[in-house]
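Here is the structure we will look at, set down as structure tokens.
Note on naming: letters A, B, ... go to the chains in the order of the sequence lines (proteins, then strands), and numbering restarts at 1 for each one.
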There are 2 protein chains.
Amino acid sequence: MKDNQPILEVDRIIHEPARLLIMTILSMAEKADFLFLLTETGLTRGNLSTHLSKLEDTGYVEIEKTYRGKIPQTLCAITPAGLEAFEKYRKQINKFLKR
Amino acid sequence: MKDNQPILEVDRIIHEPARLLIMTILSMAEKADFLFLLTETGLTRGNLSTHLSKLEDTGYVEIEKTYRGKIPQTLCAITPAGLEAFEKYRKQINKFLKR
DNA sequence: ATAAACAAGTTTGTAATACAAACCGGTTTG
DNA sequence: CAAACCGGTTTGTATTACAAACTTGTTTAT
């Protein structure tokens with residue numbers, strides 16, 4: 001018990017590897033479009049789509065739909081809440097894994 | 001893609017917070033019994049039991065059943081494979097979260 | 001013109017889970 | 001000897017993560 005338990009309460013939204021990767025990328029770029037995330041993560045389109053939706057539902061990512069010419073484009077950006085949750089997650093994990 | 005993908009391949013057996021906690025404790029003690037793990041992790045008996053079974057099935061933990069007087073006792077120890085997997089996991093996550 | 005291929009995503013189906021709650025075989029207590 | 005307790009295990013359920021199928025629109029070929 002004691003100060004072990006925090007690890008049991010890590011944010012599962014971020015803990016999922018695919019989403020951790022997405023959040024990491026979005027925390028560095030101000031905006032990223034779907035296709036960039038697609039190649040950068042190596043996820044399938046289906047899975048990238050569902051993970052982004054979940055991040056959006058949670059309020060960690062904001063999704064803006066525009067067009068690049070006639071072709072649809074989905075722009076993604078991390079929200080302040082997302083960035084905060086991401087930093088908190090990193091601190092928790094780092095602290096736990098240090099010895 | 002590139003050197004992001006390793007994070008997508010983290011060992012899910014260890015990545016699960018409850019098991020990460022169990023493995024962390026077992027990596028420090030040589031042996032731990034069920035009740036020690038129970039209080040130390042704060043998990044329910046049911047969940048501790050199933051997580052230990054999964055770790056055992058994976059070959060990361062060895063479980064020895066004995067008696068303390070007339071009362072059953074379950075002793076748990078990390079295996080070499082388990083320790084190796086645990087260290088690998090830590091390295092992967094640490095490396096990913098740096099930067 | 002219209003069919004076939006392509007682009008950019010979304011939705012659906014399924015199998016694998018994590019957790020809680022119920023259960024179980026023995027032991028001690030009232 | 002019944003009830004409570006110990007030390008767990010098994011079962012039931014709701015959530016998931018992923019793959020595969022689908023959708024809406026655009027471009028290319030015929």
Side-chain angles (χ1 to χ4, degrees), chain A residues 1 4-23 25-26 31-58 60-77 89, chain B residues 1 4-23 25-26 31-58 60-77 89:
Chain A
M1 61 170 85
N4 288 340
Q5 267 130 340
I7 196 65
L8 297 179
E9 282 147 26
V10 288
D11 187 335
R12 300 263 182 170
I13 294 295
I14 295 181
H15 192 58
E16 170 61 30
R19 287 190 296 262
L20 178 54
L21 179 49
I22 293 170
M23 290 295 278
I25 294 170
L26 291 182
K31 271 177 190 209
D33 74 2
F34 190 92
L35 293 178
F36 176 76
L37 289 173
L38 191 63
T39 62
E40 205 66 12
T41 61
L43 294 168
T44 62
R45 284 166 306 168
N47 293 337
L48 178 55
S49 177
T50 52
H51 284 307
L52 284 174
S53 292
K54 177 159 282 197
L55 289 169
E56 186 185 20
D57 294 348
T58 310
Y60 289 176
V61 163
E62 218 164 29
I63 293 180
E64 180 191 357
K65 280 163 174 320
T66 65
Y67 283 89
R68 186 167 29 94
K70 296 182 170 183
I71 288 171
Q73 187 185 33
T74 298
L75 290 171
C76 310
Y89 173 85
Chain B
M1 62 170 82
N4 288 340
Q5 267 130 341
I7 196 66
L8 296 179
E9 281 146 29
V10 288
D11 188 336
R12 300 262 182 172
I13 294 296
I14 295 180
H15 192 58
E16 170 62 29
R19 288 189 297 262
L20 179 55
L21 180 49
I22 293 169
M23 291 294 279
I25 294 169
L26 291 181
K31 272 179 191 209
D33 73 1
F34 190 91
L35 293 179
F36 176 75
L37 289 173
L38 192 63
T39 60
E40 204 67 12
T41 61
L43 293 169
T44 63
R45 283 165 299 153
N47 294 337
L48 178 56
S49 177
T50 52
H51 284 306
L52 283 173
S53 292
K54 178 159 281 198
L55 288 169
E56 186 185 21
D57 294 347
T58 311
Y60 289 175
V61 163
E62 219 164 28
I63 293 180
E64 181 191 356
K65 277 160 178 320
T66 65
Y67 283 89
R68 186 166 28 95
K70 298 183 169 181
I71 287 172
Q73 187 184 34
T74 298
L75 291 171
C76 310
Y89 173 85

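- What you find for A:Tyr67 and A:Gly69 is that their closest heavy atoms are CB-O, 3.3 Å.
- The shortest distance between side-chain heavy atoms of A:Met23 and A:Val61 falls below 4.5 Å.
- Taking the nucleotide of DNA chain D with the nearest heavy atom to each of B:Leu52 and A:Ile13, the more 5' of the two is matched to B:Leu52.
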Could you write out each protein N or O paired with an N or O of nucleotides 18-20 of chain D at a distance under 3.5 Å?
| from | atom 1 | to | atom 2 | distance (Å) |
| --- | --- | --- | --- | --- |
| D:dC18 | OP1 | B:Arg12 | NH2 | 2.7 |
| D:dC18 | OP2 | A:His51 | NE2 | 2.9 |
| D:dA19 | OP2 | A:Asn47 | ND2 | 3.0 |
| D:dA19 | N7 | A:Asn47 | OD1 | 3.1 |

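- B:Thr44 meets the side chain to side chain contact (heavy atoms under 4.5 Å, CB included) test with B:Asn47; sequence neighbours excluded.
- Among all heavy-atom pairs drawn from A:Leu55 and A:Ile13, the shortest one is CD2-CG2, 3.7 Å.
- A:Leu35 comes within 4.0 angstrom of sugar-phosphate atoms only, judged by non-hydrogen atoms across all strands, and of no base.
- Using a 4.0 Å cut-off on heavy atoms, the residues of residues 60-76 of chain A that approach DNA chain D are A:Lys70, listed by number.
- Screening residues 9-23 of chain A for salt bridge (charged side-chain N to carboxylate O under 4.0 Å, His left out) gives A:Arg12-B:Glu16, A:Glu16-B:Arg12 as the qualifying pairs, with residues at least two apart or on separate chains.
- Taking all atoms of both residues into account, the shortest heavy-atom contact from B:Leu37 to B:Ile25 is CD2-CG2, 3.8 Å.
- Listed by first and then second residue, the salt bridge (charged side-chain N to carboxylate O under 4.0 Å, His left out) pairs that reach into residues 63-73 of chain A are A:Lys31-A:Glu64, sequence neighbours excluded.
- Considering only residues two or more places apart in sequence or on other chains, B:Phe34 meets the ring-ring contact (aromatic ring centres under 6.0 Å, His included) condition with none of them.
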